[in-house]
Amino acid sequence: MSLNSFISFKHSLYALSGIFILMLYSCLQKNLFPKVESSYFGTTDDGIEIQEYSLKNNHGMVVKVISFGGIITSLEIPDDKGAIGDVVLGFNELKDYLERSPYFGALVGRYGNRIANASFELEGVTYDLEANDGVNHLHGGLKGFDKVVWEIEPKETQQGPSLILSYTSPDMEEGYPGNLSVEVVYLLTDQNELKVSYSATTDKKTVVNLTLHSYFNLSADFSKDILDHRVQILADQFLPVNNTLIPTGDFSSVKGTPFDFLSEKSIGKEIENVDEQLNRGMGYDHCFVLNDSNKGMRLAAKVVHSESGRVMEVFTDQPAIQFYTGNFLDGTLPSKQGGFYQHRTGFCLETQHYPDSPNQKNFPSTILNSGEHYQTQTIYKFSILKE
Ligand code: BGC
């Protein structure tokens with residue numbers, strides 16, 4: 001063997017052993033650290049066992065989901081020092097989710113947000129819904145998608161571990177027409193993204209507006225409020241509300257108001273301003289009309305928490321986002337970390353259509369016809385602040 005061919009033989013050997021070690025490592029990693037695990041979480045009052053599934057990526061991010069309500073019970077991400085922290089509010093016990101959750105981490109449907117006077121008309125028929133928020137209907141009613149048990153199928157994909165959640169809502173459930181088959185996919189990527197994809201079909205004309213109701217606190221310390229988080233919302237307009245939080249039908253420019261989040265500002269900066277809209281929402285609890293609604297998937301909002309260095313970006317194809325600053329949290333709900341959730345210790349950014357669209361002719365339609373395919377996606381992307 002010439003010296004040259006010996007050298008190239010040696011290099012091939014190195015390359016082969018490199019490939020072998022990589023394959024061995026990835027097999028070991030798959031077997032030793034499975035990316036989807038499940039464990040028992042609790043039992044519902046009617047005896048259904050609820051499992052908790054964990055999705056893990058290769059950067060220390062872990063997302064936990066239970067089959068009750070499709071609820072995200074925890075979302076762990078590193079801070080700028082590499083310390084892992086849970087950044088979503090929730091409970092340790094199933095019974096708290098069953099009895100008194102303000103939609104912590106839940107899938108919300110059939111209609112996320114409010115419908116005025118708990119009724120709407122479709123093709124000349126009036127549909128009466130449950131009035132579970134004063135005279136209005138909120139988040140799908142008394143037993144919305146946040147309180148049903150979803151079927152969950154874990155699936156490893158090329159993009160990362162995922163969960164496929166399905167639920168079929170029978171005709172007239174909570175007053176809504178049509179058998180509605182819903183599928184929601186939670187996918188965790190190695191880019192620290194949680195991709196949430198919603199799809200639904202119906203056998204009869206109906207209305208749909210699905211969303212996810214996670215309360216975030218990027219400090220991962222739930223004894224702290226969220227007023228120091230800096231928020232940007234790419235919306236030139238928001239929908240002013242009446243005193244029962246139903247949109248008046250007007251579109252207001254955010255310019256010169258506390259609702260201007262076009263450039264990053266802290267939540268606390270203007271939340272206590274004397275302002276009729278802030279007064280009605282007891283803080284921010286408003287639908288922001290996202291810019292570029294014709295562009296499909298785009299950045300909708302960004303949240304920066306300087307102290308921990310955690311950053312969250314929300315991308316969506318939806319026309320709007322409800323920004324809610326945990327104004328109704330009042331120190332009565334038990335925290336996962338001990339103690340109780342105090343006022344404004346979490347904020348929600350719920351991507352969706354406008355509230356009360358079924359009754360407001362000038363709002364984009366939320367009607368789903370039989371034969372049509374409802375399909376939307378929202379991505380929550382986490383990163384570390386580079387300053
Ligand atoms: C609504 C709030 C409501 C909260 C329930 C939010 O989506 O905008 O008004 O109180 O959900 O937890």
Side-chain angles (χ1 to χ4, degrees), residues 69-73 88-91 96-116 118 129-147 174 196 198 209-217 222 226 231 233 235 238-248 259 261 267 271 277-290 300-301 314 316 318-335 340-357 363 366 378 380:
I71 291 170
I72 296 183
T73 50
V88 292
L89 274 50
F91 299 118
D96 291 319
Y97 285 113
L98 298 176
E99 288 166 12
R100 50 176 168 168
S101 181
Y103 304 89
F104 279 160
L107 288 176
V108 174
R110 290 188 186 195
Y111 200 96
N113 221 314
R114 292 178 172 80
I115 295 181
L129 309 167
E130 201 63 47
N132 60 334
D133 186 59
V135 293
N136 301 322
H137 175 84
L138 175 68
H139 294 334
L142 285 182
K143 193 176 178 195
F145 291 174
D146 59 297
K147 292 185 192 67
E174 294 294 313
V196 188
Y198 307 81
N209 187 29
L210 305 180
T211 191
L212 176 66
H213 209 291
S214 282
Y215 288 63
F216 297 96
N217 184 329
F222 303 147
I226 42 78
V231 171
I233 303 177
F238 75 103
L239 302 181
V241 290
N242 69 17
N243 52 12
T244 67
L245 299 185
I246 295 291
T248 59
F259 292 82
F261 283 95
I267 297 178
I271 200 169
Q277 284 300 315
L278 283 176
N279 189 31
R280 289 186 176 163
M282 290 169 59
Y284 296 104
D285 192 356
H286 292 77
C287 176
F288 286 71
V289 176
L290 293 171
V314 183
T316 190
Q318 288 293 277
I321 202 163
Q322 180 83 9
F323 179 43
Y324 169 58
T325 44
N327 312 314
F328 295 112
L329 296 175
D330 59 1
T332 54
L333 299 173
S335 161
F340 294 87
Y341 292 115
Q342 304 298 332
H343 195 216
R344 298 184 179 148
T345 46
F347 67 88
C348 303
L349 282 166
E350 308 155 43
T351 55
Q352 55 190 251
H353 267 253
Y354 308 172
D356 198 33
S357 299
F363 288 178
T366 49
T378 293
Y380 304 86

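Read the numbers this way: they start at 1 and go in the same order the structure lists the ligands and their atoms.
Taking the six-membered ring where the residue is Trp, the centroids of His286 and Phe288 are separated by 6.0 Å or more. For Phe323 and Phe238, the distance between ring centers is not under 6.0 angstrom. For Tyr284 and Phe347, the distance between ring centers is not under 6.0 angstrom. Ring centroids of His137 and Tyr111 are separated by 6.0 Å or more, keeping the two rings apart.
Atom CG of residue Leu89 and atom CG of residue Leu329 lie 6.5 Å apart, to the nearest 0.5 angstrom.
The minimum heavy-atom distance linking Ile71 with Asp146 is given by the pair CD1-O, 4.2 Å.
Summary of contacts: the protein heavy atom closest to atom 5 (C) of ligand 1 is Tyr103 CD1, 3.7 Å. Atom 11 (O) of ligand 1 has as its closest protein heavy atom His213 NE2, 2.8 Å. Nearest protein heavy-atom neighbour of atom 3 (C) of ligand 1: Arg114 NH2, 3.9 Å. Of all protein heavy atoms, the one lying nearest to atom 10 (O) of ligand 1 is Phe328 CD1, 3.1 Å.
Within the 4.0 Å heavy-atom cutoff, Tyr215 counts among the residues contacting ligand 1.
Neither the backbone nor the side chain of Met282 has any atom closer than 4.0 Å to an atom of ligand 1 (non-hydrogen atoms only). Contacts between Tyr284 and ligand 1 below 4.0 angstrom, taking non-hydrogen atoms only, are absent altogether.
Shown in contact with Pro102 at under 4.0 Å from a heavy atom are these atoms of ligand 1, numbered in order with element: 12 (O). With ligand atoms numbered from 1 in the order given, ligand 1 contributes 8 (O) to contacts under 4.0 Å with heavy atoms of Gln322. Applying the 4.0 Å criterion to heavy atoms of Glu350 picks out, from ligand 1, the atoms 6 (C), 7 (O).
For atom 2 (C) of ligand 1, the nearest non-hydrogen atom from the set Asn136, Leu329, Asp285 belongs to Asp285.
Side-chain contact annotation: Gln342 with Asp330, donor-acceptor N/O pair under 3.5 Å absent.
The aromatic rings of Tyr341 and Phe104 sit perpendicular, their planes meeting at an angle over 60°, well past the 30° parallel limit.
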